[in-house]
Structures are given as C-alpha cells and as structure tokens.
Number of protein chains: 2
Amino acid sequence: MDIPQPIISTVDIVLLLIKDERLCVTLSKRDKDPYENQEALPGGYIHAEEDRDCLDAAVRILRQKTGLLPPYLEQLKTFTGAARDPRGWSISVAYFALVDADLILSSANPGLTICPVDALRRLPFDHNEIIAAAVDRIRNKSQYSSLPCYLAGETFSLPRLQKIYEACLGEALHKVSFRRKMDELGVLEAVPGQTESAGAHRPAQMYRLKSEFKNQLKLLVRGL
Amino acid sequence: MDIPQPIISTVDIVLLLIKDERLCVTLSKRDKDPYENQEALPGGYIHAEEDRDCLDAAVRILRQKTGLLPPYLEQLKTFTGAARDPRGWSISVAYFALVDADLILSSANPGLTICPVDALRRLPFDHNEIIAAAVDRIRNKSQYSSLPCYLAGETFSLPRLQKIYEACLGEALHKVSFRRKMDELGVLEAVPGQTESAGAHRPAQMYRLKSEFKNQLKLLVRGL
DNA sequence: AGAATAGTGTCTGTGAGACATTATAAA
DNA sequence: TTTATAATGTCTCACAGACACTATTCT
C-alpha cells in the first residue's frame, strides 16, 4: 500500500452581505505567507486535533477572523489541485455564509474589508473563482427560497427585502409577484405596530422571520 | 507557523444508472483494509504526483475500477471529519457520475455490483450519506434540466426517457407535459426512420441528443 | 395640499394538467 | 379485427406579470 503524499488541507469562507444595496464579500488581510498582507477570503488550516469536521473548522475560523457566527452557513464546493497554491497540492473546502451587514459593520473588525462582488480586483489563489461559485449559488437559491432573508437582519420592510433579493439576483423584480411569493413562502410575520419611515411618504410595515424558520430554508414550488 | 497534522485525502464516486426502471448505484468490492472485501463506493487516494486536481483523480479512479469514462461527471460534496474513517481524520471529495446501464452491464466488470438506491444495506464509512446526497442532487436537477438524458444511452424513445425521469424523481409524470418540456428543452432530435417496437401496439420514435448538447446540460425556465 | 412610496384589487396571457382522439404495429 | 401503447389536439384552471387605484406619512 502506497503512502500518499501530504496534501495541504484548508477551509475558506465566502461571507456575503448587502451593503448599499449591493452584494458584497468579506475579505481578510492575510497574516502569513503566501500572499502576506494581501486581501483574501478568510480561511485557514484544518486542525485535525481540534475540529470535528470541516464545518467545525469553518465556524472556528469565522470566529477567529470576524468574531461572529452567521445565521446561515453551508458547504459551497471544494477546490483542489497542484496549481492553486504556491505551497503545492492543496484542498480547500469552501463554505458559503450569509450575514446581516450591520453585524459586521458594527463589530468594526480592523482586518476586514467589504467589497462588492462585481468590483473585485484579482485575488490570491483561486479566490475569485470561489467567490464566483458563491455568487452562482446565491443567485440560484434566491430564485426559489427564503435564503436572502438571512441577509436582512432581525426586522426589515418588504421593500428592503425586495431590494436584497434584487441585489442577490442581479435583476429587478415585479412588486406584486414578489409580495405574493413572500406570502406563499409563509416564513415572515408582521411585527405589530412597527413601521419604518423613509421620507415623505407612507411608512413600511416591518417584518421578521417566524421563529420556526430562523434556522430553516423554505422553498417555493415555482420560483419567483 | 504550526505544521498541520496529516489528513487522509480521498475521492469517492457515486456512479448512477437505471436498471429495471430503478435508479441504481455502482458498488465496488474493496481490495484493501479498512473494510476489505466489502462493497463500497469506488474510491481511492488522491495521487498528488499524478493527478492535477480531484476531477482528474476521479477520472483515473473510474477508469481503474470500472473501465469507463461516464458522459456526465461533476463534484457532489465533500465529506470530512475524525469519525467517518477508522484510519483517522479524513477528507473525501465525492463525485457524481451518470452512465447508460448498458455500458456497465456489457463491460461485465467482476468487482462491480449494481444496487437500487432505495434498497441499500449499511455501507462502510459514511457512504450511505454520500449516496443520499447524490440522490438528492439528481432529484433536484431532474426537475429542471436535461440531466437524466445521460442515463439513456445513444438512442432512446420518449416513453423510455420518461420512465428514466420518473425513476430519477421518484414520481409519475404527466405524459403531455413531459413531452412539451422535452420539446421546450430542445436538446433532442428524432432519428429518421428509427423506431422501437415493444409489443402489440404502435412503435415509438427513437431520439438522440443533438450533438451540440452531448456535453452540456440544458435548463428549463420553469421545471417539469 | 403635494409628493412620494407602501400596499392592494383586478385583468389578461401563458402554461400545466386533464381529457379525448387519432395513429400504428403486433397478435 | 382486436389490443395496447404512441402521439397529438383541445379544454380549463391556476398563476405570473401588467396596470390601476387606494393608503399614509412627511414636507
């Protein structure tokens, strides 16, 4: 039985959020070689002694680099090969996380940058490709699920939620249909008496996720 | 900088096909410990010296264990952790492949077994979970894509293709709608003059994938 | 009062499923 | 000629988008 050659095993995380009605990714300044001091996806080695599995590692790395545990976290895709890392053959299990922008902006972590996904410069490793996969994923799931609600924070108006969906999908949505679909999803409830004023016009009713859907995606039979 | 602990890095493949109108998975008898001589998903170590990336490794392993290159192969999901392999902390990058049953049954590889996915016994490692993820994937993609066509071989009748879709989805489909959708997909062309007789009734027109779609999935705007 | 957006009611075209009818080869 | 399934035409109901109208608050 041949002993396999050692392979670098890491986890990288695409932490997405909405800022100024645009879909953005969280970048972290690298504190080690290779690419020391450059902006890249937050990531790190798998610690076999400490992490039970890769999801565990992702949670640990998120805590270390951003100080928060996002309300949505799932495996995205695994990126592998001899060419993607100057240290040699590597595996990166990429994760996909969503968070309300206020949480990051308020925690004011110095090493972090928020950058719109459609205005990224060339990043180290294959991180542009990883982010592209994450954008594909959110585009796809936003068409038929409550996924973008995790970008919206505790309470939000329907007009704001529609803007978030539109930022995820990259296209404008029809208001009546959007509201019908949100109603059909059935994951939202109005917050009694709470409204949001935004100028010289009627204020918007605020909504929140029903508690039973806080940790559970809901899917539409037919998409938006 | 801490040197990470070595992690076992493997690739496993869920090779699906239709046999007797049922969705089946290809199992391979293990030739090494752990679980020597037991049926499990075909898989093996990543060879960092030889494989450019994991897709490369999957192709190599498929060639070694089954002797064929399936017309459809994509990454499925990565399974990781300390608990899934008795040898220790491991990463398995799982792949998802589709093939026409005739190809496997004709190659008559002795180490292979074909087993319906809904009649599996307990398999080594977390292979039941990996297969469940593959079944989820094919169920999902069959709803809105030409994916199941890769299970159908070179030429096939529409009634047979419908049976294949039904096996993938696990539910009966409406004939008229199914045909409308196949027409809308636009990936099929009739094979002039070729029909299939199957009893005392009108024979079925045979179809094949248009050559431009042989290596490309086509998606429906609205599902089946 | 006017402006501007929130929120809702109604109409219409598209499309999916139901049903029915025709087509065709084997027995 | 019967039988069984292939293949297609037609009807109807549901739904998505278009449009129009009402509601409400700030200026």
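Every heavy atom of this structure was used, including side-chain atoms; hydrogens, water molecules and symmetry mates were not.
The NZ atom of K175(A) sits 6 Å away from the C1' atom of dA6(C) (whole-angstrom rounding). The separation between Q162(A) atom CD and dA6(C) atom P is 9 Å, rounded to whole Å. In this structure, CG of L173(B) is placed 12 Å from C1' of dA16(C), rounded to the nearest angstrom. The separation between L161(A) atom CG and dG7(C) atom P is 12 Å, rounded to whole Å. Protein atom CG of L158(B) is 12 Å distant from nucleotide atom C1' of dT8(D), rounded to whole Å. Regarding R179(B), its CZ atom lies at a distance of 16 Å from the P atom of dA16(C), rounded to whole Å. In this structure, NZ of K163(B) is placed 12 Å from C1' of dA6(D), rounded to the nearest angstrom. Protein atom CD of Q205(A) is 17 Å distant from nucleotide atom P of dA23(D), rounded to whole Å.
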Sequence neighbours excluded and cut-off under 3.5 Å, please list the side-chain donor-acceptor pairs for residues 197-209 of chain A, or say none.
| from | atom 1 | to | atom 2 | distance (Å) |
| --- | --- | --- | --- | --- |
| H201(A) | NE2 | A198(A) | O | 2.7 |
| Q205(A) | NE2 | V191(A) | O | 2.8 |
| Q205(A) | NE2 | Q194(A) | O | 3.2 |
| R208(A) | NE | E189(A) | OE2 | 2.9 |

Result block: side-chain N/O donor-acceptor pairs under 3.5 angstrom for residues 211-220 of chain B, not counting sequence neighbours:
| from | atom 1 | to | atom 2 | distance (Å) |
| --- | --- | --- | --- | --- |
| K218(B) | NZ | L185(B) | O | 3.0 |

Check: residues 23-30 of chain A side-chain donor-acceptor pairs under 3.5 Å, at least two apart:
| from | atom 1 | to | atom 2 | distance (Å) |
| --- | --- | --- | --- | --- |
| T26(A) | OG1 | L15(A) | O | 3.1 |
| R30(A) | NE | P34(A) | O | 2.7 |
| R30(A) | NH2 | P34(A) | O | 3.2 |

Do any side-chain atoms of residues 112-124 of chain A form donor-acceptor pairs under 3.5 angstrom with protein atoms, and if so which ones, sequence neighbours left out?
| from | atom 1 | to | atom 2 | distance (Å) |
| --- | --- | --- | --- | --- |
| T113(A) | OG1 | E39(A) | OE1 | 2.8 |
| T113(A) | OG1 | E39(A) | OE2 | 3.0 |
| D118(A) | OD1 | R22(A) | NH2 | 3.1 |
| R122(A) | NH1 | N128(A) | OD1 | 2.9 |

Atom pairs and distances, side-chain donor-acceptor, residues 72-79 of chain B, under 3.5 Å, sequence neighbours left out:
| from | atom 1 | to | atom 2 | distance (Å) |
| --- | --- | --- | --- | --- |
| Y72(B) | OH | E74(B) | OE1 | 2.7 |
| E74(B) | OE1 | K141(B) | NZ | 3.0 |
| E74(B) | OE2 | R137(B) | NH1 | 2.6 |
| E74(B) | OE2 | K141(B) | NZ | 3.4 |
| T78(B) | OG1 | T78(A) | OG1 | 2.4 |

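Residue pairs satisfying the salt bridge (charged side-chain N to carboxylate O under 4.0 Å, His left out) criterion with at least one member in residues 125-136 of chain A, sequence neighbours excluded, are listed as follows: R84(A)-D126(A). Listed by first and then second residue, the salt bridge (charged side-chain N to carboxylate O under 4.0 Å, His left out) pairs that reach into residues 172-181 of chain A are K181(A)-E184(A), sequence neighbours excluded.
Y165(A) pairs by the ring-ring contact (aromatic ring centres under 6.0 Å, His included) definition with F178(A), not counting sequence neighbours. By the salt bridge (Lys or Arg N to Asp or Glu O under 4.0 Å) test, D100(A) pairs with no residue at all, sequence neighbours left out.
If you check residues 147-155 of chain B against DNA chain D, you find no residue with a heavy atom closer than 4.0 Å.
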Contact pattern, 5' to 3', of nucleotides 22-27 of chain C - B, S or - by protein heavy atom under 4.0 Å:
-BBBB-
Going 5' to 3' through nucleotides 9-19 of chain D, assign each nucleotide B (protein heavy atom under 4.0 Å from a base atom), S (under 4.0 Å only from sugar-phosphate atoms) or - (no protein heavy atom that close).
B-----SBBBB
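The backbone N or O of V221(A) sits nowhere less than 3.5 Å from a side-chain atom of Y144(A) that would complete a donor-acceptor pair.
Residue E154(A) places its CD atom among 12 or fewer non-hydrogen atoms of other residues, nucleotides or ligands, all under 6.0 Å distant.
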